[in-house]
Chemist: 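Sending over a structure as structure tokens; questions will come in a sec.
All figures in this text were calculated on a predicted structure; none of them were measured in a lab. Within every chain, numbering begins at 1; the chains are lettered A, B, ... in the order of the sequence lines, protein sequences first and strands thereafter.
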Amino acid sequence: METTSNLLKQRREKAEALAQEGVKLFSNTFTAPQAIAEILPQGEPLSAESHDESGTTYRIAGRIMSMRKFGKAAFFHVQDTSGRIQIYVRRDTIGTENFALFKKWDVGDIVGVEGKLFKTKVGETSIDTRTLVMISKSLRPLPEKFHGLTDVETRYRQRYLDLIVNPETKETFQKRVEIIRLIREFLNNRGYMEVETPMMQPVPGGATAKPFKTHHNALGMDLFLRIAPELYLKRLLVGGFEKVFEINRNFRNEGLSTRHNPEFTMLEFYQAYATYHDLMDLTEEMVSWLAAEVTGSMELTYQDIPVNLAPPWRRLTMDEALVQVGGVDASLLENEAAIFNLVEEKGIQLQPGAGVGKAKTELFELLVEEKLIDPTFITSYPTEVSPLARRNEEDPSVTDRFELFITGREIANAFSELNDPVDQLQRFQQQIDQRGDDEEIHPVLDQDYVRALEYGMPSAAGEGIGIDRLVMLLTDSPSIRDVILFPHLKPEVKE
RNA sequence: GGGUCGUUAACUCAGCCGGUAGAGUAUCUGCCUUUUAAGCAGAGAGUCGCGCGUUCGAGCCGCGCACGACCCA
């Protein structure tokens with residue numbers, strides 16, 4: 001501790017020295033600075049080395065990112081949200097006393113600068129300083145400028161550092177915000193209404209996943225962080241809101257990976273008097289538009305793999321995908337025993353009681369999923385694995401459902417909604433019977449949801465899109481932790 | 001949960017066959033009024049993730065643990 005704090009000690013001593021000279025280390029009087037990106041272009045007309053004495057005075061504020069000091073002058077760069085600009089300080093301009101104080105400033109300090117624009121001899125627009133203000137003294141050294149901060153653990157644990165020194169990180173999160181803003185715009189423009197439904201639910205439903213449990217003291221009851229908003233959004237369809245969406249967090253008490261964070265952001269939207277076919281068209285339009293808006297093209301590369309998001313997208317039934325993409329013999333799918341044989345051959349362990357629908361889905365996940373690079377809608381999911389989806393009119397063993405895969409990953413899941421309360425009750429019951437032994441999944445029947453359906457829910461279609469995975473795709477991020485500002489990690493041990 | 005790899009100065013990284021710990025950047029001192037990975041001269045800076053063991057001697061070998069990354073379930 002003593003020895004490693006050497007640099008910290010030096011910084012504190014400098015700060016104290018400044019304070020003793022009467023410098024406020026944390027001032028708040030330098031307000032309303034201009035955005036660096038906005039004043040930079042105004043330096044353009046100035047010729048090299050010219051100092052425009054009559055010109056406008058500009059005010060900027062930000063963090064010192066680099067410093068080159070000379071005996072009686074210095075250059076440094078200041079970074080704000082919008083960009084960076086070079087600052088030139090001369091002893092003769094700001095005065096000997098001020099310059100002496102300035103020499104105790106460090107990289108990392110947050111400062112305010114006033115001065116006139118000029119261009120250096122290599123043509124960089126810079127501010128010739130008239131006034132310097134210390135806004136916040138930094139007591140810790142920033143990571144090195146050339147290599148930046150690459151240690152992923154530090155980048156995740158101390159995201160603020162990552163954001164200060166790695167411009168790509170900043171861009172990724174700016175894009176994330178933009179993507180979510182555009183999704184809202186897209187849905188609002190089409191008459192969808194944004195709503196908020198409970199994050200704490202007495203009965204966690206709408207998906208099959210392990211929930212987080214919490215307790216409400218005054219109510220004296222356990223609550224669960226939601227694993228999906230689905231059942232509440234459909235209650236709103238019953239209530240007469242015909243187009244609704246929600247963008248918010250879901251929580252799943254399961255393992256972490258490059259594609260799973262315990263809390264993640266989900267878009268769910270529901271539309272009355274529509275089918276899953278309508279949602280395929282909508283999804284195709286929305287995602288390809290998002291890509292064009294955010295990346296400038298519908299053709300992009302994800303981790304060096306080319307992906308073409310230009311519509312139309314391929315649409316296959318699960319059986320077609322198994323045959324065409326998974327290389328399964330078509331005749332085999334007609335024979336239940338043959339399917340189970342294949343499952344065993346592939347080394348897949350099925351839960352007791354699992355039917356042929358579950359078996360097919362497992363085969364699909366093993367043989368097909370990772371091969372779906374360009375966007376592909378997979379339809380005709382078995383009823384057995386789709387407890388909330390409407391049965392297909394011609395073939396009740398499958399549902400009117402699709403999942404969207406891009407770069408081998410599930411991006412969206414949608415279906416024509418089941419609105420027959422009798423069928424719904426049976427399927428809930430069946431689901432509970434199958435998972436009755438797994439206490440962590442909390443298979444509780446949502447009776448109020450069934451009651452809502454008994455009042456009558458319009459025919460409808462609904463969809464969920466994993467925002468984090470979509471952002472990963474559009475920002476070429478390899479891990480979900482790269483698109484979540486503060487991903488969960490185990491607690492730090494040291495310090 | 002299993003496997004592989006990683007953890008050395010504030011940051012980025014070397015460290016041979018086991019023999020008293022290295023570089024660049026950053027920091028400090030001096031010089032330096034157009035630099036931009038500024039320059040020149042000098043200096044300081046380490047619980048080698050933690051613990052136990054083997055050894056005359058461990059950053060290095062063995063075992064255990066922690067944290068992280070990737071792959072698998």
Side-chain angles (χ1 to χ4, degrees), chain A residues 1-15 17 43 46-51 64-79 84-96 98-100 102-109 115-129 138-158 161-162 164-166 210 254-260 303 346-351 362 365-366 370 408 440 477-482 487-495:
Chain A
M1 282 290 271
E2 287 301 315
T3 40
T4 52
S5 66
N6 204 359
L7 290 170
L8 299 187
K9 212 169 123 193
Q10 280 174 356
R11 285 262 174 143
R12 280 174 208 281
E13 282 166 4
K14 271 200 210 179
L46 298 173
S47 60
E49 293 189 68
S50 75
H51 290 254
I64 299 178
M65 298 304 292
S66 64
M67 181 90 88
R68 292 171 293 284
K69 285 177 185 165
F70 303 87
K72 302 179 185 64
F75 286 91
F76 60 96
H77 274 92
V78 167
Q79 168 175 291
R84 332 181 141 186
I85 191 168
Q86 181 167 263
I87 312 295
Y88 181 41
V89 182
R90 286 183 294 169
R91 192 188 67 179
D92 292 351
T93 314
I94 67 165
T96 309
N98 284 335
F99 194 79
F102 162 73
K103 282 197 140 184
K104 291 197 161 50
W105 290 19
D106 294 300
V107 170
D109 292 350
K116 317 243 175 190
L117 289 186
F118 76 107
K119 276 198 180 182
T120 64
K121 65 180 179 189
V122 293
E124 180 170 355
T125 301
S126 309
I127 294 180
D128 187 11
T129 304
S138 170
L139 299 178
R140 284 177 184 269
L142 287 180
E144 185 225 4
K145 61 187 169 187
F146 189 58
H147 297 91
L149 179 66
T150 59
D151 181 76
V152 288
E153 189 173 348
T154 310
R155 287 183 46 224
Y156 297 152
R157 287 195 198 279
Q158 296 181 268
L161 280 184
D162 191 21
I164 291 168
V165 301
N166 292 325
K210 293 174 185 173
E254 293 171 358
L256 286 71
S257 79
T258 45
R259 291 181 292 283
H260 300 86
Q303 303 297 296
K346 297 288 177 188
I348 300 168
Q349 303 245 326
L350 287 175
Q351 295 263 344
E362 292 280 347
E365 285 174 8
L366 183 71
E370 65 178 16
E440 286 183 305
S477 299
S479 167
I480 196 169
R481 296 182 196 100
D482 295 322
H488 289 289
L489 298 176
K490 291 195 182 181
E492 264 180 293
V493 188
K494 24 184 176 178
E495 211 176 352

Chemist: Who does B:rA69 pair with, Watson-Crick or G-U, both distances under 3.5 Å?
Modeler: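 B:rU4 - that is the nucleotide pairing with B:rA69, both distances being under 3.5 Å.
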Chemist: For A:Thr258, check side-chain contact (heavy atoms from CB on, under 4.5 Å) against everything at least two apart and list the hits.
Modeler: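 Listed in chain order: A:Ser479.
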Chemist: Over all strands shown, is A:Gly148 touching base, sugar-phosphate only, or nothing at heavy-atom distances under 4.0 angstrom?
Modeler: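 Counting heavy atoms under 4.0 Å across all strands, the contact made by A:Gly148 is with sugar-phosphate only.
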Chemist: How many whole angstroms separate atom NZ of A:Lys210 from atom P of B:rG1?
Modeler: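 One finds 12 Å between P of B:rG1 and NZ of A:Lys210, rounded.
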Chemist: Within the structure provided, determine whether A:Thr96 and A:Arg91 are in side-chain contact (heavy-atom separation under 4.5 Å).
Modeler: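 Side-chain contact under 4.5 Å: yes.
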Chemist: Output the distance between atom CG (A:Leu117) and atom CG (A:Asp128), rounded to the nearest 0.5 Å.
Modeler: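 It is 9.5 Å, given to the nearest 0.5 Å.
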Chemist: Between the side chains of A:Lys72 and A:Asp92, is the shortest nitrogen-to-carboxylate-oxygen separation below 4.0 Å, so that they form an ion pair?
Modeler: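 The answer is no: the pair does not qualify as a salt bridge.
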Chemist: Without decimals, in angstroms, what is the distance between A:Asp151 CG and B:rC67 P?
Modeler: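 Those two atoms, CG and P, are 16 Å apart.
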Chemist: Nearest 0.5 Å, please: how far is CD1 in A:Ile85 from CD in A:Glu124?
Modeler: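 Here the interatomic distance stands at 8.0 Å.
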Chemist: Any N/O pairs under 3.5 Å between the protein and nucleotides 3-7 of chain B? List them or say none.
Modeler:
none

Chemist: Classify the side chain of A:Thr150 versus the base of B:rU12 as yes if they form a donor-acceptor pair under 3.5 Å and no if they do not.
Modeler: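 Checked by distance alone, the answer is no.
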Chemist: If I pick the C1' atom on B:rU54 and the same atom on B:rG1, what distance separates them, to the nearest angstrom?
Modeler: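 Here B:rG1 and B:rU54 have their C1' atoms 31 Å from each other.
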Chemist: In whole Å, what is the span from the CG atom of A:Asp128 to the P atom of B:rU35?
Modeler: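 Answer to the nearest Å: 15 Å.
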Chemist: Both distances under 3.5 Å, Watson-Crick or G-U wobble: report the partner of B:rG59, or none.
Modeler: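 Result: none.
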Chemist: Closest approach to the side chain of A:Arg91, judged atom by atom: which nucleotide of B:rA37, B:rU34, B:rU33 is it?
Modeler: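 For the A:Arg91 side chain, the nearest candidate turns out to be B:rU33.
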Chemist: From the options B:rC28, B:rA37, B:rC70, select the nucleotide whose nearest atom is closest to the side chain of A:Asp106.
Modeler: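 Nucleotide nearest to A:Asp106's side chain: B:rC28.
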Chemist: If you find the nucleotide of RNA chain B closest to A:Ser126 and the one closest to A:Thr154, which residue's nucleotide is nearer the 5' end?
Modeler: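 The answer here is A:Thr154.
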Chemist: In whole angstroms, how far is the P atom of B:rC28 from the NZ atom of A:Lys103?
Modeler: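 To the nearest whole Å, that distance equals 11 Å.
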Chemist: Just call it for A:Leu489: base, sugar-phosphate, or nothing, with non-hydrogen atoms closer than 4.0 Å on any strand.
Modeler: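 It contacts sugar-phosphate atoms only.
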Chemist: Apply side-chain contact (heavy atoms from CB on, under 4.5 Å) to A:Ser138 and list each qualifying residue two or more places apart in sequence or on a separate chain.
Modeler: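 Scan of A:Ser138 (side-chain contact (heavy atoms from CB on, under 4.5 Å), adjacent residues dropped) gives A:Arg11, A:Asp109.
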Chemist: Which nucleotide, B:rC32, B:rC11, B:rU34, lies nearest any side-chain atom of A:Leu149?
Modeler: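 Selected nucleotide (nearest to the side chain): B:rC11.
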Chemist: Hey, which sits more toward the 5' end of RNA chain B by its nearest nucleotide, A:Met67 or A:Phe75?
Modeler: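 Nearer the 5' end of the strand: A:Phe75.
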Chemist: May I ask which nucleotide in the shown strands pairs with B:rA45, Watson-Crick or G-U wobble, both distances under 3.5 Å?
Modeler: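 Across all strands, not a single nucleotide pairs with B:rA45.
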Chemist: Hey, mind stepping through A:Gln79 and A:Ile64 against side-chain contact (heavy atoms from CB on, under 4.5 Å) and telling me if it holds?
Modeler: CA-CA 6 Å; A:Gln79 168 175 291; A:Ile64 299 178; over 6 Å; no
Chemist: Is there a Watson-Crick or G-U wobble partner for B:rC31 with both distances under 3.5 Å, and if so, which one is it?
Modeler: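 Base partner found: B:rG39.
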Chemist: In whole Å, what separates the C1' atom of B:rG24 from that of B:rA37?
Modeler: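 To the nearest whole Å, 10 Å.
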Chemist: Who is the Watson-Crick or G-U wobble partner of B:rG64, with both distances under 3.5 Å?
Modeler: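 Base partner found: B:rC50.
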Chemist: Between A:Lys72 and B:rU33, does any side-chain N or O lie under 4.0 Å from OP1 or OP2?
Modeler: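 Yes, because at least one side-chain N or O of A:Lys72 sits under 4.0 Å from OP1 or OP2 of B:rU33.
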Chemist: Heavy atoms only, 4.0 Å cut-off, all strands: where does A:Phe76 land among base, sugar-phosphate and nothing?
Modeler: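 It contacts nothing in the nucleic acid.
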Chemist: Stacking check: are the rings of A:Phe70 and B:rC32 less than 5.5 Å apart at their centres and under 30 degrees in tilt?
Modeler: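 Check failed, A:Phe70 does not stack on base of B:rC32.
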Chemist: Please give the distance between the P atoms of B:rC52 and B:rC60 as a whole number of Å.
Modeler: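 About 14 Å, rounded to a whole number of Å.
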Chemist: What distance, rounded to whole Å, do you find between the two C1' atoms, one in B:rC56 and one in B:rG64?
Modeler: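 Approximately 26 Å lies between the C1' atom of B:rC56 and that of B:rG64.
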Chemist: What interatomic distance, in whole Å, is found between C1' of B:rA41 and the corresponding atom of B:rC32?
Modeler: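 My reading of the C1' atoms in B:rC32 and B:rA41 gives 12 Å.
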Chemist: What distance, rounded to whole Å, do you find between the two P atoms, one in B:rA14 and one in B:rU7?
Modeler: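 One P to the other, the span is 8 Å.
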Chemist: Should the pair A:Tyr88 and A:Phe118 be assigned to parallel (<30°), tilted (30 to 60°) or perpendicular (>60°) ring geometry?
Modeler: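 A:Tyr88 vs A:Phe118 ring planes: tilted.
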Chemist: Under a 3.5 Å cut-off for both contacts, is B:rU20 paired Watson-Crick or G-U wobble with anything, and if yes, with which nucleotide?
Modeler: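 Partner of B:rU20: none found under 3.5 Å.
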Chemist: What does B:rU25 pair with, Watson-Crick or G-U, if both distances are under 3.5 Å?
Modeler: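 Partner of B:rU25: B:rA10.
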Chemist: Think A:Arg481 has a side-chain N or O under 4.0 angstrom from the OP1 or OP2 of B:rC70?
Modeler: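 Yes, A:Arg481 has a side-chain N/O under 4.0 Å of OP1/OP2 on B:rC70.
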Chemist: For the C1' atoms, the ones on B:rU29 and on B:rU8, what distance do you get once it is rounded to whole angstrom?
Modeler: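 Between the two C1' atoms, the distance is 28 Å.
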Chemist: Would you mind telling me which of B:rU33, B:rG68, B:rA10 lies closest to the side-chain atoms of A:Leu7?
Modeler: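 Minimum distance to the A:Leu7 side chain belongs to B:rA10.
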Chemist: For A:Glu254 and B:rG1, give me the distance from atom CD to atom C1', rounded to whole Å.
Modeler: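 For the pair A:Glu254 CD and B:rG1 C1', the rounded distance is 15 Å.
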Chemist: B:rG49 C1' sits how many Å from A:Lys490 NZ, rounded?
Modeler: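 Going from A:Lys490 (NZ) to B:rG49 (C1'), I get 15 Å.
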Chemist: Mind calculating the distance between CG (A:Leu161) and C1' (B:rC11) to the nearest angstrom?
Modeler: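 The answer, rounded to whole Å, is 10 Å.
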Chemist: Between A:Tyr156 and A:Asp482, do the side chains contain an N or O donor and an N or O acceptor separated by less than 3.5 Å?
Modeler: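 Their side chains do contain a donor-acceptor pair, which is all the 3.5 Å distance test asks for.
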Chemist: Please classify the nucleic acid contact of A:Lys14 as base, sugar-phosphate, or nothing, using heavy-atom distances under 4.0 Å.
Modeler: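 The residue A:Lys14 makes sugar-phosphate contact but no base contact.
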Chemist: Find the distance between NE2 (A:His77) and CE (A:Met65) and round it off to the nearest 0.5 Å.
Modeler: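 Here the rounded value is 10.5 Å.
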Chemist: As a test of reading the structure: which of B:rC70, B:rU35, B:rU12 is closest to the side chain of A:Thr258, going by heavy atoms?
Modeler: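 Closest nucleotide among those given: B:rC70.
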Chemist: Choosing from B:rU33, B:rG68, B:rU35, which nucleotide comes nearest the side chain of A:Arg157?
Modeler: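 Taking heavy atoms from C-beta onward, the closest nucleotide is B:rG68.
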Chemist: Considering only the P atoms, how many Å lie between B:rG15 and B:rA26, rounded to the nearest integer?
Modeler: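 Comparing P positions in B:rG15 and B:rA26 gives a spacing of 24 Å.
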Chemist: Is the phosphate of B:rU35 approached by A:Lys69 (side-chain N or O, under 4.0 Å from OP1 or OP2)?
Modeler: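 No, because none of the side-chain N or O atoms of A:Lys69 sits under 4.0 Å from OP1 or OP2 of B:rU35.
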Chemist: Tell me: CG of A:Asn166 to P of B:rC11, nearest whole Å?
Modeler: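 Answer to the nearest Å: 14 Å.
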Chemist: So do A:Thr154 and A:Leu149 actually touch side chain to side chain, heavy atoms under 4.5 Å?
Modeler: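 Yes. Closest side-chain heavy atoms under 4.5 Å.
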